[in-house]
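Residue numbers start from 1 in every chain, and the chains themselves are labelled A, B, ... in the order their sequence lines are given, proteins ahead of strands.
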Number of protein chains: 2
Amino acid sequence: MSSTLKDIAQKTGVSVSTVSRVLHDNTKKYKISDETQEKVKSVAKEMGYRINTLARGLRLQKTFEIGVIVPDIANPFFSAVIKSLAGELRKGGYNFIVYDTDEDISIERSAIKSLLEKRVDGLIIASVGQEFSHIHKVREAKIPLVMIDRCFDFLDIDSVSVDNVKGALLAVNHLIKEGHSRIAFIQGLPGTYANETRLQGYKQALDEAEIKIDEHLIVGDDFRSLNGYLETKHLLKLTSPPTAIFTAGDLIALGALEACRENGVSIPKDLSLVTFDDPVFTSYLSPALTAIEQPITKMCEMAVAMLYRRMRNSDDERRKVLLEPKLNVRNSVARLSALSNITHITKKQ
Amino acid sequence: MSSTLKDIAQKTGVSVSTVSRVLHDNTKKYKISDETQEKVKSVAKEMGYRINTLARGLRLQKTFEIGVIVPDIANPFFSAVIKSLAGELRKGGYNFIVYDTDEDISIERSAIKSLLEKRVDGLIIASVGQEFSHIHKVREAKIPLVMIDRCFDFLDIDSVSVDNVKGALLAVNHLIKEGHSRIAFIQGLPGTYANETRLQGYKQALDEAEIKIDEHLIVGDDFRSLNGYLETKHLLKLTSPPTAIFTAGDLIALGALEACRENGVSIPKDLSLVTFDDPVFTSYLSPALTAIEQPITKMCEMAVAMLYRRMRNSDDERRKVLLEPKLNVRNSVARLSALSNITHITKKQ
DNA sequence: ATATGTTGTGCAAACGATTGCATTCGTAAT
DNA sequence: ATTACGAATGCAATCGTTTGCACAACATAT
């Protein structure tokens, strides 16, 4: 049974204030005699004193907790983000509380509600997107907020993410350079920042190469592997199938791999594949996937730094940071020779 | 700016008690007139009232929070566990706070300290193991506790995990049945429950098959992929290398794959591989890995159920639950023909 | 002798919610 | 007229900390 300052005060014969000052007051403002200090400390230890952070938080109006909200903890990208954020926050003496929204906006709403009720000192959110009224509530509550992985241009909020458009450009341009022109895009959840910006990059790359966009090659509707599986099966059945697929996320790529395996489609011989996200296992897959890597550590460091800044100075100018993505070329893309390209076109007709 | 019960009381002209009862009291014990209820509710909404869980927790001596401690959030096994626990806890109206200990006992200690200071209502811990004094503190604080994934026989604490010995037996027996006898084991962190029990199963399987245990084939010292990589390189260099490797965890297996790829060792042709843990991506690897699957969902459901039981009745008999592992046979194990087997034995002598 | 400091400690008011125990008023039963 | 009761609400203590201010005791300077 945990004892309180009062218990210790009674046992030592000093006041609660004195005990509090000995045990928690780091300022040297109050000079407590060494004798008293000794006594209080030893009694505290003996009685197994443990501070009550609820009482402290209530009194101080500060909890040293940061709320973190992500769409899917089990997604390797986000579990890496969480791990990285945790380390950064710990350095600054903050704890954190994570919520997993399952890419569901209503869960996100209730997560924010809970965190505000807990009086967290700050919030880092990888929002589902789509809708933003609940985000505004955070602003109204004057809780420092940084958005991560998703930067909405139209929201006046600090945010840091990778340059998704550029990432998609890198991926698709790579495919084009290797001779592909029928390139499919398997999307994630439409309406989300990550998806829309990657789609934009995809389209832009095709435009710049003067390849006509075929809407039949833009498919899919969420970031999970089942989506990748089903849409790949669908794409393979088209009368004029793509020679390459660009997937919007790592799990989608896994689903695509499974579909190919089942259909006896060999990557990269029969079909090339590039994906956004580059979790630890991509290089061990069969084949090792060519992928767009995000600078996760840097992203998290910046998010935390921006949050701290905002906590210190609430009316500093807001910033939106875009980090550079990187293309990791591995073995999932085949060079389409002019000949095979022609063969392919011939087959098509 | 969040308002308080007092603010609302003042604005409506009723007492704080009444406001509290209208807004939070689910018992119908106090009959508040419909008129008052209406008024209070509308003012509360208008003023953006948000309950302060610190104050409530302090008063009620109950926080509706469960602390969860795992060794590595980024490990797919644990991120799946967290996701699953989160869902289960949410159903019961509990929130949770996760700590990642990085398999470091001192971080585990401070995590427990923090969680007790936060006055969580219960704790679910996947302990690093090795040492237990800090676990006893939880007992002393009379906080309900369930250990997950790690069941220490000598601790009188509720726990649920997979039957690691049996899992290892399944894995190694499978290798033996396919004709292997020089089977290496790449360990995780020595001294941890997961590691010791898996090692035990490994040894038992060899014993039962009357294969002499070669200590040179038992290597490694943590659950990360680098360990798998380095130890595989080492094993491949032995004058009499193993024909099969059993790895203690998924990340170790990834490292092993990388080492093999670098050395041009083909799996399963040149070397067979079985691993403990079976995350979503194992079947997409090259080759798809034969692996021991743990019933994660069930494990988490049981852990939460046991915790709830313990929270209701603190002196109920304690239980230790062992769940059944499952062997998923894929393509990473080759059958060693009698001939090659004999050749091999000859080589040994 | 008076003023001025310094040192060490305690008082009491917050922080925001909950709840057992009044209290007030009206109505119905005896 | 007295009693009893139910409905609707308020009082005040409590949960455990923090901290501005006050104060006592003593030392030093003028």
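Shown here are the side chain to side chain contact (heavy atoms under 4.5 Å, CB included) partners of B/Q61, two or more places apart in sequence or in another chain: there are none. Scored by the ring-ring contact (aromatic ring centres under 6.0 Å, His included) test, A/F96 finds no partners at all (sequence neighbours excluded).
Atom pair B/I8:CD1 and C/dA17:C1' shows a separation of 12 Å (rounding to whole Å applied). Straight-line distance from the NZ atom of A/K118 to the P atom of C/dA17: 15 Å, rounded to whole Å. Residue B/N52 contributes atom CG, which lies 13 Å from atom C1' of D/dC15 at whole-angstrom precision. With rounding to whole Å, A/R56 atom CZ is found 18 Å from C/dC15 atom P. Straight-line distance from the CG atom of A/D7 to the C1' atom of D/dC15: 12 Å, rounded to whole Å. At whole-Å resolution of the value, CD in A/E117 and P in C/dC15 are 20 Å apart. Here the C1' atom of nucleotide C/dG16 and the CZ atom of A/R119 are 9 Å apart, to the nearest Å. Nucleotide D/dC15 holds its C1' atom 9 Å from the CG atom of A/L58, rounded to whole Å.
The main-chain N or O of A/G67 is never found under 3.5 Å from a side-chain atom of A/K118 such that the two would form a donor-acceptor pair.
With a 6.0 Å cutoff to the six-membered ring centre and a 45° limit on the axis angle, A/K45 does not count as a cation-pi contact of A/Y49.
Note on ring orientation: taking the six-membered ring where Trp is involved, the planes of B/F154 and B/F132 are perpendicular (angle over 60°, cut-offs 30° and 60°).
Place B/L60 and A/L60 on DNA chain D by their nearest nucleotides, and B/L60 ends up nearer the 5' end.
Across every non-hydrogen atom of A/A303 and A/I148, the tightest pair is CB-CD1, 3.8 Å. In plain terms, the two heavy atoms of A/I73 and B/S79 that are nearest each other are O-CB, 3.9 Å. Listed here is the closest heavy atom pair of B/L145 and B/R310: N-CG, 4.4 Å.
Residue A/I51 is classed as a sugar-phosphate contact, given heavy-atom separations below 4.0 Å to backbone atoms only. At a threshold of 4.0 angstrom between heavy atoms, the contacts of A/R50 are confined to the sugar-phosphate backbone, with no base atom among them.
Between atom CD of residue B/E38 and atom OG of residue B/S33 there is a gap of 9.5 Å, rounded to the nearest 0.5 Å.
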Expected rows: protein N/O vs nucleotides 24-28 of chain C N/O, under 3.5 Å:
none

Using a cut-off of under 3.5 Å, enumerate the N/O to N/O pairs linking the protein to nucleotides 8-12 of chain C.
unit_1 : atom_1 : unit_2 : atom_2 : d
C/dT9  : OP1    : A/S33  : OG     : 3.4
C/dT9  : OP1    : A/T36  : OG1    : 2.7
C/dT9  : OP2    : A/S33  : N      : 2.9
C/dT9  : OP2    : A/S33  : OG     : 3.2
C/dT9  : OP2    : A/T36  : OG1    : 3.2
C/dG10 : OP1    : A/S15  : N      : 3.4
C/dG10 : OP2    : A/S15  : N      : 2.7
C/dG10 : OP2    : A/S15  : OG     : 2.9
C/dG10 : OP2    : A/T18  : OG1    : 2.7
C/dG10 : N7     : A/R21  : NH2    : 3.0
C/dG10 : O6     : A/R21  : NH2    : 2.8
C/dC11 : N4     : A/S17  : OG     : 2.7
C/dA12 : N6     : A/S17  : OG     : 3.4

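Sorted by first then second residue, the salt bridge (Lys or Arg N to Asp or Glu O under 4.0 Å) pairs that include residues 4-13 of chain B, not counting sequence neighbours, are B/K11-B/E46.
Within the 4.5 Å cutoff, the side chain of B/D100 has heavy atoms near those of the B/D72 side chain.
A salt bridge does not link A/K39 to A/E35: none of the charged side-chain nitrogens sits closer than 4.0 Å to a carboxylate oxygen.
Candidate nucleotides D/dT19, C/dT19, D/dT17 were compared by shortest atom distance to the side chain of B/R59, and C/dT19 ranks first.
At its two ends the helix from C/dA1-D/dT30 to C/dT30-D/dA1 runs along axes set 60° apart, each axis drawn from five pairs and the angle rounded to 10°.
Look at B/Q61 and you won't find any side-chain N or O under 4.0 angstrom from OP1 or OP2 of D/dT14.
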